[in-house]
Amino acid sequence: MAAVKEQKRVFSGIQPSGVLHIGNYLGAIKQFVKLQYTHNAIFCVVDEHAITVPQKPQELRRNTLNTAMLYLASGIDPKEAIIFVQSQVPAHTELAWILNTITPLGELERMTQFKDKVQSQAKEAGVFAGLLNYPTLMAADILLYRTDAVPIGDDQKQHIELARSLAERFNNHFGNTFSMPEPLIEEDTARIMSLQDPTKKMSKSDDNTKSYIHLLDTPDDIRLKIKSAVTDSGKEIVYDRKKRPAISNLISIYRGYTKMTFKEIEDQYKEKTYADFKNDLAEVIIGELAPLQKRFQELSADKTGFEHILRDGARRAKSIADTTLQDVKQKMGFFI
Ligand code: AQP
C-alpha cells in the first residue's frame, strides 16, 4: 500500500559546482529519496549558489543537467517530488534581495563555510559579495516554499539556523508569513570526510581527485581511490571518530551503503586487515552505484523527456514561490 503523505513540506538543494560525490548522496540525496514518499517534497539544483565561486559556462550547464539527472537516477521520482533548476524560478533571487535587507552582516561573516571558502578563493580569484550572501539566498530558497524540514548534511546546519532567524525576524516585523524550517540530519553519514584528509569534509571542489568518489566514477577508479585512502596507525577496524578518524570515515561509508550497525561491521572485520576491509568497501560502493549509473545512462539518452521534467518542475515550483513572494511584498508595502 502506498504511504500516506504528510502535508509537511520538505525542500532541499544541491549546487552544481562539480560532479556529485558519495558524501552528497549519503548526507543528502539518500534522505531526499525516502522523504518524497512521506512528504510534500521539492528538490532543486541550486545553480545560482554555484556561481558564488567562478564557473565556466559550459561546465555549469553540464553540471546543472548532470546534477538533476543524478537526482532522478538516485530514485527521486518526478511523480512524487518537484525537481527543478533554481534559476528558472526568479522569485528565489527576488526574495533573497528582500531578506538581505534584514540579514545582519555580522551573521554572514561568522558562517563557517564562508570563512573556509574565503581561504581557498582569496588565493585564486578573489572573494565576491555573492559568496558572503550565499546563506541569505539559501534562506530565500527554503522560506519561499514555506518549508517545514530541510534534509541536509552537517555542514549546512548553520545556514538553516540563519533561515530560521530570518523567518522569525520577518514574521515578527511584518506578520506571520514563513514557517520555521527544521534541519533533517542523518547523524551517521552527515559528514563524510575526504579520503585523503579525514579532518576535511569530502567536497566536489577539492583539487585532489582522490579525495572523493564521484557517483559516476568507474569501478577501477573506485577501487583505486579506496585503496589509496589514508588510514590511521594501528590495524583494528574499529569505529572511533576521535582516535581513528580515517578508518571511522570509511566505516561510515560502509554503514551508509549497507545499513549495518557499527558493531556489526566491527564484528565482521575483527580478524581482518585494513586491505580486506578496503577491498570489500570498494565492491560495496561499486555494487550500489551500478544501478544508479545505468539509469543515468538511460536518462542521458532521452534528453527531451528529461528536459520536460525540469520545465514542468519549474512551472510547478514557480506557482508556489510566486504566491509566497506576492504575500511578502504585499506585507512589506510594495506596490503590487
Ligand atoms: N562530505 C559530505 N558529507 C555529507 N553530506 C555532504 N554534503 C556535502 N558534502 C557532504 C551535503 O550535500 C548537500 C549538497 O551540498 P552542496 O553541493 O549544496 O554544498 P556543499 O555542502 O558545499 O557541498 P560540496 O560537495 O562541499 O560542494 P562544494 O565543494 O562546491 O562546496 C548538502 O545538504 C550538504 O550538506
Side-chain angles (χ1 to χ4, degrees), residues 10-35 41-56 59-60 63-64 66-68 70-71 74 76 85-86 92 111-121 124-125 130-131 134-135 137-139 141-142 147 149-161 163 181-209 211-216 229 241 245 248-253 255-257:
V10 293
F11 173 94
S12 198
I14 298 189
Q15 42 170 349
S17 42
V19 181
L20 302 195
H21 51 72
I22 58 173
N24 296 132
Y25 178 80
L26 295 173
I29 300 180
K30 200 173 149 194
Q31 295 200 73
F32 299 178
V33 176
K34 233 184 339 181
L35 289 163
I42 306 181
F43 301 117
C44 184
V45 179
V46 289
D47 53 349
E48 288 163 334
H49 284 270
I51 60 165
T52 57
V53 297
Q55 299 289 336
K56 295 194 178 102
E59 275 177 25
L60 179 66
N63 286 335
T64 299
N66 281 354
T67 301
L70 283 170
Y71 277 3
S74 302
I76 298 174
V85 176
Q86 183 186 31
H92 288 247
M111 293 289 161
T112 313
Q113 203 173 59
F114 171 68
K115 289 196 270 187
D116 289 349
K117 289 208 167 160
V118 163
Q119 301 273 327
S120 54
Q121 284 304 305
E124 290 174 22
L131 191 61
Y134 178 115
L137 177 59
M138 182 165 159
D141 301 337
I142 295 166
T147 300
V150 191
I152 40 157
D154 186 59
D155 61 318
Q156 296 293 335
K157 216 159 137 187
Q158 213 183 9
H159 293 165
I160 306 294
E161 279 158 21
E182 296 284 345
L184 288 179
I185 295 178
E186 196 89 11
E187 287 306 331
D188 295 334
T189 49
R191 188 174 280 261
I192 300 297
M193 309 309 276
S194 154
L195 299 177
Q196 292 299 312
D197 177 358
T199 64
K200 258 175 56 185
K201 183 179 85 93
M202 185 179 283
S203 262
K204 287 181 224 96
S205 48
D206 197 319
D207 291 336
N208 185 345
T209 56
S211 70
Y212 48 70
I213 292 181
H214 280 161
L215 296 181
L216 298 175
R241 279 270 174 199
S248 298
N249 186 39
L250 299 183
I251 294 175
S252 287
I253 298 172
R255 169 164 166 67
Y257 277 115

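When a ligand or atom number is given, it counts from 1 through the structure's own listing order.
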Can you tell if the side chain of R191 reaches within under 4.5 Å of the side chain of N249, non-hydrogen atoms only? no

Please could you name the atoms of ligand 1 that R191 approaches to less than 4.0 Å, counting only its heavy atoms? 3 (N), 4 (C)

Of the backbone atoms (N, CA, C, O) and the side-chain heavy atoms from C-beta on, which set of H21 has a member under 4.0 Å from an atom of ligand 1: side chain, backbone, both, or neither? side chain

Measure the shortest side-chain to side-chain distance between M193 and R241 over non-hydrogen atoms and say whether it is less than 4.5 angstrom. yes

Nearest non-hydrogen partners of L137 and H92, listed with the distance: CD1-O, 3.8 Å

Measuring only between side-chain heavy atoms, which start at C-beta, is I152 closer than 4.5 Å to S12? yes

When distances are taken from atom 9 (N) of ligand 1, the protein heavy atom at minimum range is K201 NZ, 3.1 Å

Proximity winner for atom 34 (C) of ligand 1, if only heavy atoms of I160, D155, I22, I253 are counted: D155

Quick note on ligand 1: atoms under 4.0 Å from a heavy atom of Q156 include exactly 19 (O), 20 (P), 21 (O), 32 (C), 34 (C), 35 (O)

Take the angle between the ring planes of Y71 and F43 and call it parallel below 30°, perpendicular above 60°, tilted in between. perpendicular

Give yes if a backbone or side-chain nitrogen or oxygen of Q113 is under 3.5 Å from a nitrogen or oxygen of ligand 1, and no if not. yes

Heavy atom of the protein closest to atom 28 (P) of ligand 1 (residue, atom name, distance): S205 OG, 3.4 Å

With atom 11 (C) of ligand 1 as the reference point, say which of P183, G153, S194, S12 has the nearest heavy atom. G153

Test applied, side-chain contact (heavy atoms from CB on, under 4.5 Å); reference residue, I22; option that passes from I29, L215, L195, T189: L215

Do K204 and L20 have side chains that get closer than 4.5 Å, going by heavy atoms? yes

Please state which protein non-hydrogen atom is closest to atom 5 (N) of ligand 1 and give its distance, to 0.1 Å? G23 O, 3.2 Å

Report the relative orientation of the aromatic rings in Y134 and H49; use parallel for angles under 30°, tilted for 30 to 60°, perpendicular for over 60°. perpendicular

Contact between ligand 1 and M193 is defined here as a heavy atom of the residue under 4.0 Å from a ligand atom; is it met? no

Indicate yes or no for a side-chain donor-acceptor contact from Q55 to the backbone of A50 under 3.5 Å, with no hydrogens or angles considered. yes

Please determine whether a side-chain nitrogen of the Lys or Arg among D116 and K201 lies less than 4.0 Å from a carboxylate oxygen of the Asp or Glu. no

Write down the atom of M111, the atom of P135, and the distance for their closest heavy-atom approach. CG-CG, 3.9 Å

Look at ligand 1 and say whether A190 reaches it with a heavy atom at a distance under 4.0 Å. yes

In this structure, atom 19 (O) of ligand 1 is nearest to the protein heavy atom Q15 NE2, 3.3 Å

Which atoms of ligand 1 sit under 4.0 Å from any heavy atom of S17? 27 (O), 28 (P), 30 (O)

Using a 4.5 Å cut-off on heavy atoms from C-beta on, say whether the side chain of P151 contacts that of V10. yes

Can you confirm, on distance only, whether ligand 1 has an N/O atom lying under 3.5 Å from any N/O atom belonging to I152? no

Verify, without hydrogens or angle tests, whether S211 (side chain) and S194 (backbone) share a donor-acceptor contact under 3.5 angstrom. no

Distance-only N or O hit between ligand 1 and A28, under 3.5 Å: no

Short version for T189: what comes under 4.0 Å of ligand 1, heavy atoms counted, is backbone

Give the atom numbers and elements of ligand 1 that come within less than 4.0 Å of a heavy atom of G27. 4 (C), 5 (N)

N/O separation below 3.5 Å, N24 to ligand 1: yes

Could you tell me whether ligand 1 has any atom less than 4.0 Å away from a heavy atom of L26? no

Any nitrogen or oxygen of I192 lying under 3.5 Å from a nitrogen or oxygen in ligand 1? Just yes or no. yes

Nearest protein heavy atom with distance in Å, relative to atom 14 (C) of ligand 1: I14 CG1, 3.5 Å

Among K204, K117, Q31, closest by heavy atom to atom 31 (O) of ligand 1 is K117

